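Okay, so here's the structure we're looking at.
To find a chain, count down the sequence lines: A is the first, B the second, and so on, and within it residues start at 1. Quick caveat: nothing in here was measured; it's all calculated off a predicted structure.
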Amino acid sequence: MGYDERLYPQIEQVASMDNTDESLIAAYCQGDKTAFGEIVRRYADSMLGYLTRMSRDREEAQDLFQETFKRVHEKAHTFGGGTFKNWLFAIATNVAIDGLRRRKRLRLVSLNQPVDCPGSDEEFGTVVAADNRCNPYDQAIKAEQAEQVKQAIELLPDRQRATLILAYYEQLSYQQVAEALGCSIGTVRTQMFRALRKLADRLPDIGQGVE
Amino acid sequence: MKGHLTKGQLIQYQFKLVSDSYLEEIAGHLQACAECRRHLEQLRRKFAALDLLREDVQASQELISQVIEQAAEGPHVKRGAKYLEAVQTGFRKSAWIASAAAVFLVGVLFLAAYLSRHAPERPTDLAEREIAPGIAMEKKAPIIGEPGLLVAKPSEPGGYLAGLGGSVAHEAVMSEDAPFAPASAIELVTLPRRDNVQITIYNSADLTLARERRNLTLKKGWNWLQFMWANTLIDPTSLSLEPLQEADKIDVQQLVFPARLRELGRWLIRSEVSGRVPFEITYFTSGLSWRAFYMGTLSGDEKTMRLDGFVRVGNNSGEDYENAQTRLIVGKVHLLDQIAELAKRPYPYGMPMPLGGLRGYGAFGGETGAAVTNGEAEAGLGYLWGDIGGLRRREIRKEGLSEYFLYTIEGTETIPDKWGKRLLSFEAEDIAVKSLYKYDEERWSEQTIRFVSFSNDKKHNLGDTPIPNGTVKIYSQADEQGYLSYVGGTDIKYIPVDEEVELNLGPARLVSVEPILMDFKTDNYVFDGKKNVAGWDEVRTWKIEVTNTRTLPIEIEITRGFGTACWTLQLEDKDVSYEKYDATHARFKLTLEPRGKRAFEYTVTTYHGTREEVMAKR
């Protein structure tokens, strides 16, 4: 008994369809539940990285991560073409900004929470510290500088921060950022310029040590 | 393009934020203008700092699986995002539903107001019974029970929530009878932020004494102060409140823990004055810890060392400490209960009776979970309690407290919850050190171990204070540019003043010792009456080769063991000295030149059996 050769072209066809995000989301809408898992795995790291930078808190980022994919799951049928990645980041940005607003709202009712006190986020410092174990001076300085950078980014308004993170850290083109944020490319450039102007005054000079 | 480029233009150029033609124009200017190029370079360096946060975040398999399962299950959210659902999707989905709900709510409020005006008054106890547990305060005292406050709290890690109750409405004639807390008409006044906070951390136990100073606005009469410690590790039984001024006119009468309300307490304060009064709130908490560590940098010739002492303070207490003066205690505290366990109790009742140590210290006198025994309290905590004005100190202070030692870190530090912070404790330059290499096969096998020793005394630019136990890492100057190379590290124990310390820096690869057995014979046999061997001598000749591949001269100690207390040793080399280290060991000392190699021989005779007795008699 030989193989049924018709199987091979079918497998090939499915594999080639799986290569694009758009085909995956289309497959998911048609009932292929495994396609959603593939989407989540494909974007898990970059999405969590984006949300961690947006929220400055790993725990909260994980909640936002879940919320983002929950919305993808719920709204998959509304995906109307275009680039899936941009659509996904648009959802994530909305979720993150909503989350940040909610957090700010909650902060208002706290009677003695220090408003200017940074949140509990130790990922960045930990990573920097792990990078340079050989010299404690460098380690301490880098950790301080990373903290300064983090605070400088935290102080940016939500939209400017989202623009900066998408364009600089996620390396989306300005056009892609515009699609993700649902605005024009001119707006993206303006937001980016304002963010960078502020950062230019607040960022530490990494050529020099920290006092 | 006239003049120099502005910072904005440089940013636009660097990040390509303008049209291609304008970018070309700027590029043309940069080609011709060295100063603008320099400014651009500075700007690039500045923005390079952004890369410090360019980390690789990896989503865990667990998280990915949860999300996929969530989607498979349907619209439910399993983890964390419950609140999002309520706040975001719930209200967003249908604006008209929200509008209808608002109209309905207004109607209900009107109806409630109408009924409350017209309904006959009912006895309080009846009202209490009819109100569901947990919301009694909302009905009786709407402001304290404001759902927003209570709902918001769990999402705020750390930071207890406190509100100051205004006076009970008896201002004209001050009642002598204390009002019953839940029945009082409580006005909410926002508690001001801390003016000062001081934390004293004991490293031997999970115990921290927090003292904070706040200016509270009191009204004449009875005042309520509410204190909540949800999500923190504060020991509620240790709470104490004392006015720092007008103490004779302000009486903190009691601290009550209302039934059915968890993790909050209310102080009842009777005041004869109105206005702002500074108060001090003190309590014990757990979750804060500290450890000392040191960094020593040896000079190029390794004769002196710079020693930097650091303290790392970690905060897992659930509370942010902002601009806190930090004091650290070295010494042992004996606890009756672990503070963390006490803090987890929903109601602070039934605590063990205190021992004498803390008697007479406000709220501690009644019930405390952190009693200190054996008079240690008077030595340690008593001192701390007594020094209310201590918040003004800014310099480094290190004081002996009987068996304790108190370190005060200079200035103030903000230590948010879940954060750790490294603080500089002391710096000492030019500490004379002695480097010594040791070789002892019985202790370190065939490795040569490097030691650095110094004394904690004035002669060595130290000696102001004992040095707490911690980890020491030693570096040496690797070149003239000041680059350091790691030499070794070790843990040190508490070093009292005037005590010498020897740091074991681990194996030294550049100094080697190789003992070679050159000759072995037995001699001087003694036989007993049955012609059996009753005693003999063993004679061994050893050659010890020592190699120093370092560019510095070294001193080395070589310890040799003979397995018996009865031995004699002959050493031919006059440049090498030895001493009998103990009954069974001899220790050789020698100095080697940089990149030097030398060998010496010795012959050791060990005596066995009856020969041992003969030699002992000699």
Side-chain angles (χ1 to χ4, degrees), chain A residues 33 36-37 40-41 44-45 47-49 52-53 59 62-63 65-67 69-70 73-74 95 98-99 102-103 106-107 109-114 117-120 122-124 127-128 134-137 140 142 145-146 148-150 153 168-169 189 192-193 196-197 199-200 203-207, chain B residues 7-8 11-12 15 17-18 43 45-50 52-59 63-64 66-68 70-72 75 77-81 83-84 87-88 148-149 152-153 155-163 190-191 193-194 295 320 322 414 416-420 422 473 484 486:
Chain A
K33 291 195 173 179
F36 185 76
V40 175
R41 284 191 195 91
D45 292 346
M47 185 52 59
L48 189 63
T52 303
R53 289 190 183 94
E59 275 292 311
Q62 289 185 353
D63 288 345
F65 179 90
Q66 291 206 341
E67 178 64 14
F69 281 106
K70 174 173 163 279
H73 157 66
E74 288 168 355
V95 168
D98 285 353
R102 175 180 55 86
R103 190 164 71 176
L106 293 182
R107 276 192 176 183
V109 297
S110 174
L111 293 181
N112 71 344
Q113 180 75 17
C117 195
S120 58
E122 48 197 8
E123 281 85 27
F124 294 139
V127 169
V128 171
C134 55
N135 189 330
Y137 275 132
K142 277 203 170 181
Q145 287 171 336
Q148 286 177 32
V149 175
K150 190 154 66 77
I153 294 175
Y168 191 83
Y169 290 108
R189 284 184 167 143
M192 186 74 177
F193 179 68
L196 293 166
R197 276 302 295 256
L199 289 177
L203 287 176
D205 190 345
I206 61 170
Chain B
K7 189 191 274 184
I11 289 172
Q12 285 170 334
F15 291 91
L17 293 169
V18 284
L43 203 67
R45 275 211 303 274
K46 180 76 96 173
F47 283 115
L50 288 171
L52 289 171
L53 300 192
R54 201 185 279 284
E55 58 166 340
D56 290 327
V57 175
Q58 287 196 329
L63 180 65
I64 293 171
Q66 275 182 348
V67 169
I68 295 170
Q70 206 173 283
V77 181
K78 280 181 76 179
R79 178 187 178 283
Y83 193 82
L84 282 172
V87 172
Q88 294 175 345
L149 296 178
K153 189 64 194 75
S155 67
E156 295 284 349
Y160 53 82
L161 188 66
T190 304
L191 189 72
R193 291 171 67 161
R194 300 177 180 117
M295 182 179 148
D320 295 328
E322 198 179 5
T414 295
D417 181 37
K418 303 285 183 290
W419 281 54
R422 188 178 82 161
K473 287 183 178 169
L484 302 178
Y486 180 63

For the candidates A:I153, A:L196, A:L203, which exhibits the highest count of non-hydrogen atom pairs separated by less than 4.5 Å from chain B? A:L196
Would you call A:F193 and B:F15 a side-chain contact if the rule is heavy atoms closer than 4.5 Å? no
Taking all non-hydrogen atoms of both residues into account, name the closest pair between B:A49 and A:P204 and its distance. CB-O, 3.7 Å
So, taking the atom named CD1 in B:I64 and the one named CZ in A:F65, what distance separates them when rounded to the nearest 0.5 Å? 6.0 Å
Step by step, would you call A:Y169 with B:L50 a side chain to side chain contact (heavy atoms under 4.5 Å, CB included)? CA-CA 9 Å; A:Y169 290 108; B:L50 288 171; 3.6 Å; yes
Residue, of B:Q12, B:K46, B:Q58, that accumulates the most heavy atom pairs under 4.5 Å with chain A: B:K46
Side chains of A:M192 and B:I11: does their closest heavy-atom pair fall under 4.5 Å? no
Measuring only between side-chain heavy atoms, which start at C-beta, is B:I68 closer than 4.5 Å to A:F69? no
What one should report as the nearest heavy-atom pair of B:A59 and A:L48 is CA-CD2, 3.6 Å
Distance in Å, B:K7 NZ paired with A:R197 CZ, rounded so as to fall on 0.5 Å steps: 6.0 Å
